[in-house]
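A short write-up of the structure that comes next.
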Number of protein chains: 2
Amino acid sequence: MPADFAKLLREKGIQPSAQRLAVAEYVLFTKEHPSADQVWAKVRAVCPVLSRATVYNTLNLFVKKKLLRELVLSEGKVVFDPKMEAHHHFIDEHTGRIEDVPWNAISVSRVSGLKGYDVREYMVVMRGRTRRKSC
Amino acid sequence: MPADFAKLLREKGIQPSAQRLAVAEYVLFTKEHPSADQVWAKVRAVCPVLSRATVYNTLNLFVKKKLLRELVLSEGKVVFDPKMEAHHHFIDEHTGRIEDVPWNAISVSRVSGLKGYDVREYMVVMRGRTRRKSC
DNA sequence: TCGTAGTTTAGACATAGTCTAAGTTTGTCG
DNA sequence: CGACAAACTTAGACTATGTCTAAACTACGA
């Protein structure tokens with residue numbers, strides 16, 4: 001955990017304001033996977049002068065500057081998939097379109113040997129762009 | 001595509017109402033990955049007597065009865081992860097808690113050979129229960 | 001026909017996230 | 001220092017997604 005968060009932010013091209021430092025101190029080193037509102041709650045306990053909009057702005061900024069990763073499958077929505085057999089998913093980065101990838105196209109090993117977890121199901125989620133002609 | 005949707009629903013223990021049939025006809029055989037409101041829009045075009053609540057109820061019922069799968073990483077929210085190196089994720093089915101799984105714990109092959117896709121990044125998403133003592 | 005369980009409905013409510021317009025802070029340059 | 005501009009923060013309005021409720025409707029067996 002760095003002593004100097006301001007320096008860390010500056011290195012990424014982010015102006016280190018008090019609010020951003022408070023958010024950074026919590027979110028950059030947590031082991032939890034907090035939602036934006038959870039971040040807001042945590043940081044407000046330390047730094048009460050902090051609006052919700054700033055937390056959202058700051059988190060999005062951190063994601064853009066590669067300090068954080070956003071974990072989400074589709075673009076903020078729950079989607080439904082009628083294909084009940086196991087399969088993988090590919091998400092087109094430009095369009096957000098989700099495509100099914102057949103189970104056998106990819107092989108994954110050592111899942112069942114994972115220590116500490118009973119894995120009931122799994123899938124590979126890929127992101128990138130489609131190389132199709134017709135689209 | 002089955003001729004008799006009513007029979008299909010009854011086999012799963014679902015009373016086949018007109019609304020449920022209309023939803024089933026669209027959602028069980030689409031290649032899209034529609035959100036709930038997209039389903040509503042599509043089905044309402046065919047069957048205008050259909051409320052939003054019924055669509056949500058029906059979709060959730062179909063998921064419970066294993067006709068559909070819900071594609072979502074965390075429980076409907078975007079969460080943030082400060083770990084920027086590639087890694088996988090395990091989601092505890094009971095608590096919804098997300099844990100990081102080291103990249104080397106699992107091996108995935110043939111991703112880069114996928115026809116038609118430029119995969120820029122990928123991860124394995126697992127679901128199940130944690131077998132830890134302390135929790 | 002009646003009663004009941006199951007289903008559907010509109011709309012209120014809740015939560016997640018974005019946007020805006022105004023106010024505050026910060027950095028720069030004379 | 002002083003003032004200006006750019007960057008940042010704010011409250012609250014707004015949109016979208018999803019849940020809940022109470023009332024109305026429907027199907028169906030006794």
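Values below: every heavy atom of this structure, side chains too, minus hydrogens, waters and symmetry copies.
Remark: C1' of C:dC19 and CG of A:N57 are 10 Å apart, rounded to the nearest angstrom. In this structure, the CG atom of A:L61 is 9 Å from the P atom of D:dT9, given to the nearest Å. Atom C1' of nucleotide D:dC8 and atom CG of A:L50 are separated by 12 Å, given to the nearest angstrom. One atom, CH2 of A:W40, and another, C1' of C:dT15, lie 12 Å apart when rounded to the nearest Å. Across the protein-nucleic acid pair, B:R10 atom CZ and C:dG6 atom P stand 16 Å apart, rounded to whole Å. One interatomic measurement links the two molecules: CD of A:Q19 to P of C:dG23, which rounds to 18 Å at whole-angstrom precision. As rounded to whole Å, 15 Å separates atom C1' of D:dG18 from atom CD of B:Q38.
For A:I14 and B:Y56, each mapped to the nucleotide of DNA chain D holding its nearest heavy atom, the one lying further toward the 5' end belongs to A:I14. For the pair B:R52 and B:R20, both in contact range of DNA chain C, the more 5′-proximal nearest nucleotide belongs to B:R20.
For residues 11-21 of chain B, the set of pairs meeting the salt bridge (charged side-chain N to carboxylate O under 4.0 Å, His left out) definition, not counting sequence neighbours, comprises B:K7-B:E11.
Of the candidates A:M126, A:M123, A:H89, A:M126 is the only one forming a side chain to side chain contact (heavy atoms under 4.5 Å, CB included) with A:V101.
The backbone N or O of A:T54 sits less than 3.5 Å from a side-chain atom of A:T58, completing a donor-acceptor pair.
In this structure, A:S17 does not reach the D:dC8 phosphate: none of its side-chain N or O atoms is under 4.0 Å from OP1 or OP2. Taking side-chain N and O atoms only, B:S51 has a distance below 4.0 Å to OP1 or OP2 of C:dT9. Considering only side-chain N and O atoms, A:N60 lies nowhere under 4.0 angstrom from the phosphate OP1 or OP2 of C:dG17. Not one side-chain nitrogen or oxygen of A:Q15 sits closer than 4.0 Å to the OP1 or OP2 atom of C:dT25.
Set against D:dT17, C:dT9, C:dA16, the side chain of B:V49 has C:dT9 as its closest nucleotide.
Cluster annotation: A:W103 is connected to A:F90 through the hydrophobic network of ILVMFWY side chains, with a link wherever side-chain heavy atoms come within less than 4.5 Å.
Taking the six-membered ring for Trp and the full ring otherwise, B:Y122 and B:Y117 have centroids separated by 6.0 Å or more.
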